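Below is one structure; the comments refer to it alone.
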Amino acid sequence: MIKPTADDALLVRKRDLKNNYYSITFKPFTSAKKCKPGHFIQLQIPKTDIFFRRPMSIASVSSDGDIEVIFNVVGRGTKLLANLEKNDTVNILGPLGSSFSNPKKNEEVVIIAGGVGFPPLMYFATELVKSKFPAKQIHFFYGGRSKDDILEKSRIKKLGLNFYPITEDGTFGEKGLVTKPVERFINENEKSKLRIYSCGPTGMLKAANEIGKKYNIPGELSLEAPMPCGVGICLGCIVELEKGGHARVCAEGPVFQIGEVKL
Amino acid sequence: MKPNLSVSIAGVDFANPIMTASGCCGYGEELAVIFPLSKLGALVTKSITLKPRLGHPSPRTAETSSGMLNAIGLANVGIDKFVTDKIPFLEKQKTKIIVNVAGSKLAEYIEVCARLNDFERVDMIELNISCPNVDEGGMEFGADPKMTEKSISEVKKVFSRPVIAKLSPNVTSIVEIAKAAEQGGADAFSVINSLVGTAIDIETWQTKITNNKGGLTGPAIKPVALQMVNAVYSKCSLPIIGIGGIQSAADVIEFLLCGATAVQVGTALFIQPDLPVTIEKELKAYMKRKKLNSIDELIGKVRKY
Ligand SMILES: Cc1cc2nc3c(=O)[nH]c(=O)nc-3n(C[C@H](O)[C@H](O)[C@H](O)COP(=O)(O)OP(=O)(O)OC[C@H]3O[C@@H](n4cnc5c(N)ncnc54)[C@H](O)[C@@H]3O)c2cc1C
Ligand SMILES: Cc1cc2nc3c(=O)[nH]c(=O)nc-3n(C[C@H](O)[C@H](O)[C@H](O)COP(=O)(O)O)c2cc1C
Ligand code: FES
């Protein structure tokens with residue numbers, strides 16, 4: 001466990017990504033330098049009686065300590081977050097949880113992203129490219145219901161990786177679910193050189209887990225659970241492990257190995 | 001003069017009156033990464049049972065107004081693993097260690113407490129008597145004065161250091177139970193454990209936690225806890241550790257004024273894991289401002305109409 005900090009940060013940038021998605025950036029985040037892709041933070045919603053913090057994956061960290069989250073408005077807390085304005089103060093606890101491990105140099109990275117599972121994977125791909133991992137070895141499959149669910153298209157394209165958008169209604173990219181193009185890609189490539197990284201809705205995680213097991217491809221999944229604390233002390237965020245017993249999504253996770261968790 | 005925050009309960013000396021509550025700080029490992037545990041008066045472990053327990057399935061917590069519901073179901077590593085994996089870590093910590101013990105039969109409490117007696121660094125045991133007693137048809141140990149008295153006196157026979165009775169608020173008269181615990185030989189009281197509540201999702205009509213009901217904790221229960229601390233303080237003579245909804249030094253002071261000698265911080269750690277450090281600072285500042293030299297000058301000093 002990395003020692004997290006809990007400090008106030010200023011909202012320095014807010015972007016409306018349409019369709020109830022927002023990007024907000026805070027500064028300064030004391031522990032910015034310690035953040036790795038897959039880590040999350042706990043945001044305390046200001047000016048409300050909302051009791052718990054809200055967990056959000058880190059979407060990017062800049063060299064001068066800005067930290068970005070991208071989120072969907074689903075309830076009271078995220079609605080209030082979306083209503084924050086520039087210079088509002090938010091207390092941020094983090095970085096928390098486990099992070100994605102790096103692929104081997106010669107591996108092809110298969111990213112399977114969906115919905116609000118997209119931000120940590122964009123952060124992961126960005127850091128890989130920054131670390132000189134060849135962008136052409138990164139395959140970014142990004143699924144959504146419709147065109148407006150595929151966020152930050154130009155930002156992903158700018159990374160120079162292979163981008164495969166997929167929408168259920170066919171309004172952007174290939175029509176259907178991500179599973180089909182992912183399996184097609186796997187079958188066209190040398191399976192022993194692939195590594196999967198996935199974060200998204202439960203259905204997508206289940207599919208990624210099954211695909212990994214079926215083709216014997218290693219990889220990692222980032223999970224969600226209701227999180228009262230986020231630091232491993234309440235035991236409220238457990239998942240069942242295949243080997244038996246429980247793991248805490250906030251502490252042993254949110255990043256787990258394919259085949260490790262009962263989904 | 002620098003205010004002195006130290007307190008003493010049943011012959012055990014604490015650097016300050018601030019402890020972390022059972023089930024809200026694991027076995028201390030995570031909090032130790034966040035702040036030095038020497039900042040605490042004591043750490044109270046998660047309830048330990050004879051056998052390991054996985055607890056209830058997820059979801060087992062829900063957010064409520066000014067608090068939360070939990071039905072973790074006493075998930076813990078069990079006494080064997082606690083002894084081999086957790087005690088070596090706890091022994092190294094420069095704070096007092098209180099091990100909370102739970103069970104579904106009296107014999108289980110006794111066995112766990114007897115094992116803990118071998119570890120000098122287990123300074124005290126806190127008995128969680130808010131557990132259903134399988135031998136008595138599931139009635140809580142702590143809901144029946146006779147059962148309360150008996151469990152404390154049996155544990156006292158096998159554990160040579162002080163035993164704290166952690167009282168449940170879910171009884172007709174907490175004072176009656178406190179007196180029974182005193183009769184059984186308890187050395188102190190922890191007041192209170194969680195209340196009982198539920199919450200429902202109106203879209204699905206489903207209860208929000210798998211156990212259907214759970215323990216209500218957090219600031220929502222503080223007024224109940226304060227009243228119960230004061231009721232026990234007025235009628236019994238043992239020292240009290242006040243628990244329930246503490247989020248600040250101001251809350252701690254209220255508990256001390258109502259008669260608590262020390263306090264435990266629980267749910268609030270989930271939002272601010274290093275809260276005890278802040279509380280200690282604020283408490284010192286308050287004592288300076290009020291020209292108080294010791295915590296004793298606050299205990300039970302509430303002025304009533
Ligand atoms: C490690 C982690 C990383 C996350 N990263 C992101 C992210 O990058 N972007 C993003 O938009 N969201 C993310 N989430 C989900 C986000 O935390 C929830 O959407 C948010 O807490 C909902 O708060 P609310 O007050 O708006 O909703 P509430 O009013 O609390 O709930 C509204 C609805 O959301 C559901 N919900 C609440 N909390 C969660 C949760 N933790 N997981 C799943 N469903 C939940 C509730 O069951 C309910 O149906 C993440 C969650 C975790 C655990
Ligand atoms: C998630 C959670 C788990 C708990 N587990 C235990 C436990 O194992 N044993 C116990 O005696 N009390 C347990 N408690 C009760 C607390 O120790 C404390 O009495 C109660 O939460 C009230 O304090 P608070 O309002 O500060 O949280 C638990 C509370 C919470 C929130
Ligand atoms: S959220 Fe508390 S243990 Fe994971």
Side-chain angles (χ1 to χ4, degrees), chain A residues 1-8 30-31 34 42-46 48-55 74-77 90-97 202 223-241 243-253 261-263, chain B residues 20-36 43 45-47 52-77 203 208-210 214 217-220 245 247 266-275 277-278:
Chain A
M1 180 178 171
I2 298 173
K3 180 182 172 161
T5 51
D7 292 302
D8 286 342
T30 316
S31 296
K34 294 190 215 155
Q42 285 268 46
L43 300 170
Q44 197 161 20
I45 318 280
T48 66
D49 60 335
I50 290 194
F51 191 61
F52 287 140
R53 290 173 184 262
R54 294 294 188 259
V74 297
R76 224 154 64 89
V90 172
N91 191 278
I92 302 179
L93 173 69
L96 303 169
T202 313
L223 270 53
E224 271 190 22
M227 287 188 179
C229 78
V231 296
I233 55 177
C234 77
L235 303 183
C237 64
I238 45 119
V239 279
E240 275 186 67
L241 296 175
K243 67 172 185 197
H246 289 162
R248 296 163 298 179
V249 175
C250 75
E252 284 77 43
V261 173
K262 277 191 194 160
L263 286 166
Chain B
T20 52
S22 178
C24 303
C25 56
Y27 313 101
E29 290 140 315
E30 297 80 15
L31 287 189
V33 175
I34 298 171
F35 66 90
L43 180 128
T45 68
K46 177 77 194 164
S47 279
R53 287 174 61 98
L54 281 178
H56 296 126
S58 193
R60 53 191 194 178
T61 63
E63 188 177 40
T64 58
S65 305
S66 299
M68 69 179 286
L69 288 168
N70 91 81
I72 303 294
L74 296 178
N76 79 99
V77 294
E203 294 307 319
K208 287 191 181 174
I209 48 180
T210 53
T217 63
Q247 286 186 300
T267 307
L269 293 169
F270 302 164
I271 294 143
Q272 202 62 32
D274 65 354
L275 184 63
V277 180
T278 314

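Convention: sequence-line order gives letters A, B, ...; per-chain numbering from 1. Keep in mind that what you see is a predicted model, and the values were worked out from it rather than measured.
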Would you compute the distance between atom [atom1] of [X] and atom [atom2] of [Y] and round it to the nearest 0.5 angstrom?
X	Y	atom1	atom2	value
A:C229	B:Q272	SG	CD	12.5 Å
B:C24	A:L235	SG	CG	10.0 Å
A:I233	B:K46	CD1	NZ	11.5 Å

Taking side chain as everything from C-beta outward and backbone as N, CA, C, O, which of these in [X] sits under 4.5 Å from a heavy atom of chain A? Side chain, backbone, both or neither.
X	result
B:I72	side chain
B:S66	backbone
B:L269	both

Is any NZ, NE, NH1 or NH2 atom of the basic residue among B:E63 and A:R76 found under 4.0 Å from an Asp or Glu carboxylate oxygen of the other?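 Answer for the salt bridge query: no.
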
Looking at A:R53 and B:I271, would you say the former's side chain and the latter's main chain have a donor-acceptor pair under 3.5 Å?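 Checking the backbone N and O of B:I271 against the side chain of A:R53, a donor-acceptor pair under 3.5 Å is found.
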
Heavy-atom proximity to chain B below 4.5 Å, by part of [X]:
X	value
A:Q42	neither
A:L93	side chain
A:I2	backbone

Check step by step if side chain to side chain contact (heavy atoms under 4.5 Å, CB included) holds for A:E240 and B:L54. CA-CA 10 Å; A:E240 275 186 67; B:L54 281 178; over 6 Å; no

With the side chain counted from C-beta on, respond yes when B:T64 and A:F51 share a heavy-atom pair under 4.5 Å apart, and no when they do not.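 No, every pair of side-chain atoms sits at 4.5 Å or beyond.
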
Shortest non-hydrogen contact between A:G236 and B:S58, atoms and distance: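 Taking every non-hydrogen atom into account, O-OG, 4.5 Å.
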
Which of B:I34, B:T20, B:N70 touches chain A most, by non-hydrogen pairs under 4.5 Å: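 When all of B:I34, B:T20, B:N70 are compared, B:I34 has the most.
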
Top contributor to chain A interface from B:P273, B:G67, B:G218 [non-hydrogen pairs under 4.5 Å]: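 When all of B:P273, B:G67, B:G218 are compared, B:G67 has the most.
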
